[in-house]
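Please read all numbers here as calculations on a predicted model, not as lab measurements.
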Amino acid sequence: MARIESGYLEAVGDAHRKAYGQFFTHPQVAEFMVRWVLESGEPAVHDPAFGLGAFFDVAPQNIRPHFTGSEVDAEILEYWRTYATDNGAVVTEEDYLTSWGRRSGNIVCNPPYMRFQKFTNRSMVFDMFEYELGVRLSGYTNTASAFLLKSLSELHPRGRLAYIMPLEFLNTGYGKIVKKRLIADSHLYAVISLDCEKDIFPDAITSVGIILYDTSMQFSTVKFYTAESVNSLQSIFDAAPISELPYADLDPAAKWLPYFETKPIMPVEAATVPLERYGRFTRGIATGANEFFILRPSQVEALGLSTSEVLPSITRSAQVRSPYFTDDDYGNLCECDEAALLFRVNGEPSDAASSYIAQGELKGYNRRFLTRSRTPWYKTEHRSPAPLLLGVFSRGRYKIVRNESRALNLTCFHGFQPNLLGLHYIDHLFLYLNSVVGREIVRLSSRRYGDGLSKFEPNDLNTALVPTPEIFDRIPVEDVASALEYVKEAGSVPSFIESSFDSLIQHAP
């Protein structure tokens, strides 16, 4: 870490940095981006999230008089003005997302990254986007995506843009608007995935990449590259891209992360349907205060609670250790005094429950973000046990569970509730989701984060592709039954079932 960055962090603390979504740009990444945009021939450069001036620091001397910036954080701006070796850029203290009317020759940016939950002024920002651009952003949009959309609207007709972005937007619903804008006029040149994100952004929790956009050119294809190291970024265009797709083949509603695969798989359209054809995944129960709502059997006994005031629940992913989960498995958790009971009162609470609720209020659990919006605050969501559970986070293989118990699931799992068609094919779906082919296809819908971490949102799963009923019907009933027994014993899907799904994918040439 550079001296100025370490000095700044020592001065303001990590909490301040996180509050503003600040991630400092590696000098070699900044140099690559500045060099690329300046090839446009336009000398002016604007940085919408100036920070400590990483891009300004690597700009050639003749460009620095034309370098401008925006910065919302007064503390980081004051620190830069005080301690930077060269602090001659014209930087305005302003909220870039609410400051409109600018036109920029070139734009380079490492925007602040804050998820929608931390996007404090998003209602006002979204209203301004609708007024200025005619775009209504999704409520799940993060700050980085909003920055990018605004910068695209402000770029000079002969300018270039280089943006560091969390690449999760390539696979999300809210990212559809961003991708649509990126390809609208065929100016998107390339997207680079920084597979060395931990070397570049040690604190990053999401996969990171660079967007390269040139308004002076119209391209017939978009190139997708991966940079394995910081050093390889400087010569990345010397090698062929991982994939290169014609604009006509780029669908803003599709998942784009698979384009960074060396041999991306392509589900066969005629043989697959969205999972929501069979039912829907929903997130698990969110209590808002697990310390209060999740109890061990010994705590229930000590509190004198009635058994009708607690519900059997899977509260941690680690409580499920095999693809099958039964009432016997749940009973074993209780025998080990696991925290596997959910406090839930129907009707009037008993004296013991009333006393426990009063204890919770003394500790402020009723004033948490989720609890304060409920009436009464201690009443959790009503759910039925889900026959299929899928792990929210994973590294490598996601966890898929056939739940045959009475246990509800908290937010460690998404739960699948089948419709009538799904009830008929629930075991087929379980086998498919556990198969090699199923995992490859469903993985296309995941969101990729740093350090190999993947995450599913419920709608990612609901739009994931699964076999049509006709494909499922080709599997003999006795084979399904046999395969389920095999999974119980071996923990994996037998080969005779795996082969049933081979025809669902083809590899891109």
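Salt-bridge formation is not detected for the pair Glu168/Arg447: no Lys NZ or Arg NE/NH1/NH2 atom is positioned less than 4.0 Å from an Asp or Glu carboxylate oxygen. Using a cut-off of 4.0 Å between Lys/Arg side-chain N and Asp/Glu carboxylate O, Asp460 and Lys455 are scored as not salt-bridged. Taking 4.0 Å as the cut-off between side-chain N and carboxylate O, Asp127 and Arg122 do not count as a salt-bridged pair. For Arg296 and Glu338, the salt-bridge test fails: no basic side-chain N is under 4.0 Å from an acidic carboxylate O.
Atom CG of residue Leu155 and atom CD of residue Glu42 lie 9.5 Å apart, to the nearest 0.5 angstrom. Rounding to the nearest 0.5 angstrom, the gap separating the OG atom in Ser138 from the CD1 atom in Ile177 is 6.5 Å. In this structure, OG in Ser232 is found 11.0 Å from CG in Asp238, a value given to the nearest 0.5 Å. We find the CG-NE2 distance between Asn106 and His66 to be 11.5 Å, quoted to the nearest 0.5 Å. Atom CE of Met128 is separated from atom OG1 of Thr98 by 5.5 Å, given to the nearest 0.5 angstrom.
With 3.5 Å as the limit, one finds no donor-acceptor pair spanning the side chains of Ser229 and Asn231. Judged by distance alone, the side chains of Asn121 and Asp95 do bring a donor and an acceptor atom under 3.5 Å apart. The closest side-chain donor-acceptor pair between Asp185 and Gln218, if any, does not fall under 3.5 angstrom. Between the side chains of Thr25 and Asn110, at least one donor-acceptor pair of N or O atoms lies under 3.5 Å. In this structure, a donor-acceptor pair under 3.5 Å is present between the side chains of Glu154 and Tyr96. A donor-acceptor pair shorter than 3.5 Å can be found between the side chains of Thr315 and Gln319. Judged by distance alone, the side chains of Thr68 and His46 do bring a donor and an acceptor atom under 3.5 Å apart.
Looking at residues two or more places apart in sequence or on another chain, you find no ring-ring contact (aromatic ring centres under 6.0 Å, His included) involving Tyr378. Applying the ring-ring contact (aromatic ring centres under 6.0 Å, His included) test to Phe293 and every residue at least two apart in sequence or in another chain returns nothing.
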Run the numbers on Phe292 and Tyr356 for ring-ring contact (aromatic ring centres under 6.0 Å, His included), then give the verdict.
CA-CA 9 Å; Phe292 174 82; Tyr356 184 58; 4.4 Å; yes

With side-chain hydrogen bond (donor to acceptor under 3.5 Å, both in side chains) as the criterion, how do Tyr163 and Ser151 come out once you've worked through the C-alpha distance, each side chain's angles and the decisive distance to 0.1 Å?
CA-CA 9 Å; Tyr163 241 77; Ser151 291; 2.7 Å; yes

Would Arg102 and Glu94 count as a salt bridge (Lys or Arg N to Asp or Glu O under 4.0 Å) if you check the C-alpha gap in whole Å, the side-chain angles of each, and the deciding distance to 0.1 Å?
CA-CA 13 Å; Arg102 177 185 290 104; Glu94 63 182 355; 2.4 Å; yes

Kindly determine whether Val191 and Tyr259 satisfy side-chain contact (heavy atoms from CB on, under 4.5 Å), including the steps that lead there.
CA-CA 10 Å; Val191 185; Tyr259 299 148; over 6 Å; no

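Looking at Ile107, Val34, Val108 one by one, the single match for side chain to side chain contact (heavy atoms under 4.5 Å, CB included) with Val45 turns out to be Val108.
Ring centers of Tyr247 and Phe219: at least 6.0 Å apart, outside the cut-off. Aromatic ring centres of Phe456 and Tyr398: separated by under 6.0 Å. Annotation: Trp80 is in aromatic contact with Phe50 [ring centroid separation under 6.0 Å]. Remark: aromatic rings of Trp36 and Tyr213 are distant, center separation not under 6.0 Å. No close placement of the His414 and Phe281 rings is indicated, their centers lying 6.0 Å or farther apart. Two rings, from Tyr140 and Tyr174, have their centers 6.0 Å or more apart.
Residues His16 and Glu75 have side chains in contact (heavy-atom distance under 4.5 Å, counting atoms from C-beta outward). The shortest distance between side-chain heavy atoms of Leu388 and Val401 does not fall below 4.5 Å. Residues Leu52 and Tyr79 form a side-chain contact, since some pair of their non-hydrogen atoms from C-beta on lies under 4.5 Å apart. Put simply, the side chain of Arg280 does not reach to within 4.5 Å of the side chain of Pro458, judged on heavy atoms. By the 4.5 Å heavy-atom criterion applied to side chains, Leu233 and Gln28 are not counted as neighbours. Using a 4.5 Å cut-off on side-chain heavy atoms (C-beta onward), Glu244 and Val222 make no contact. Counting only heavy atoms from C-beta outward, the side chains of Phe413 and Ile314 approach each other to under 4.5 Å. Looking at Leu465 and Leu275, their side chains never come closer than 4.5 Å, going by heavy atoms from C-beta outward.
At distances below 3.5 Å, at least one donor-acceptor pair connects side-chain atoms of Trp256 with backbone N or O atoms of Asp251. Under a 3.5 Å cut-off, the side chain of Asn142 and the backbone N or O of Ser145 do form a donor-acceptor pair. At least one donor-acceptor pair closer than 3.5 Å links the side chain of Thr143 to the backbone N or O of Met114. Lys223 places no side-chain N or O within 3.5 Å of a backbone atom of Ser243 that could act as its donor or acceptor partner. Thr215 places a side-chain N or O within donor-acceptor distance of the main-chain N or O of Gly159, the cut-off being under 3.5 Å. Side-chain atoms of Arg64 come within 3.5 Å of backbone atoms of Asp57 as a donor-acceptor pair (strictly under, hydrogens ignored). At distances below 3.5 Å, not a single donor-acceptor pair connects side-chain atoms of Thr92 with backbone N or O atoms of Ser70. Judged purely by atom type and a 3.5 angstrom limit, Asp337 uses its side chain to pair as donor or acceptor with the backbone of Ser298. Listed for the Glu93 side chain is no donor-acceptor partner under 3.5 Å among the backbone atoms of Val72. In terms of modelled atom types and a separation under 3.5 Å, the side chain of Lys150 and the main chain of Trp100 share no donor-acceptor contact.
When the shell of 6.0 Å around CZ of Arg103 is examined, it contains more than 12 heavy atoms from other residues, nucleotides or ligands. Within a 6.0 Å sphere centred on CD of Glu39, other residues, nucleotides and ligands contribute more than 12 heavy atoms.
Of all heavy-atom pairs spanning Leu161 and Val37, the tightest one is C-CG1, 4.0 Å. Pairing each heavy atom of Ser193 with each of Asp195, the nearest pair is OG-OD1, 2.9 Å. A pairwise comparison of heavy atoms in Leu370 and Thr287 identifies CD1-C, 4.4 Å as the closest pair. Across all non-hydrogen atoms, the minimal contact from Asn171 to Ser445 is ND2-C, 4.1 Å. Minimum heavy-atom separation, Asp47 to Cys109: OD1-CA, 3.9 Å. Closest approach of Pro267 and Ile441 over heavy atoms only: CG-CG2, 4.1 Å.
The cationic atom of Arg17 (NZ for Lys, CZ for Arg) does not lie both less than 6.0 Å from the six-membered ring centre of Tyr8 and within 45° of the ring axis.
Between Phe237 and Phe32, the angle of the ring planes lies from 30° to 60°, which puts this pair in the tilted group.
Residues in residues 363-383 take part in these salt bridge (Lys or Arg N to Asp or Glu O under 4.0 Å) pairs, two or more places apart or across chains: Arg283-Glu381, Glu291-Arg368, Glu381-Arg383.
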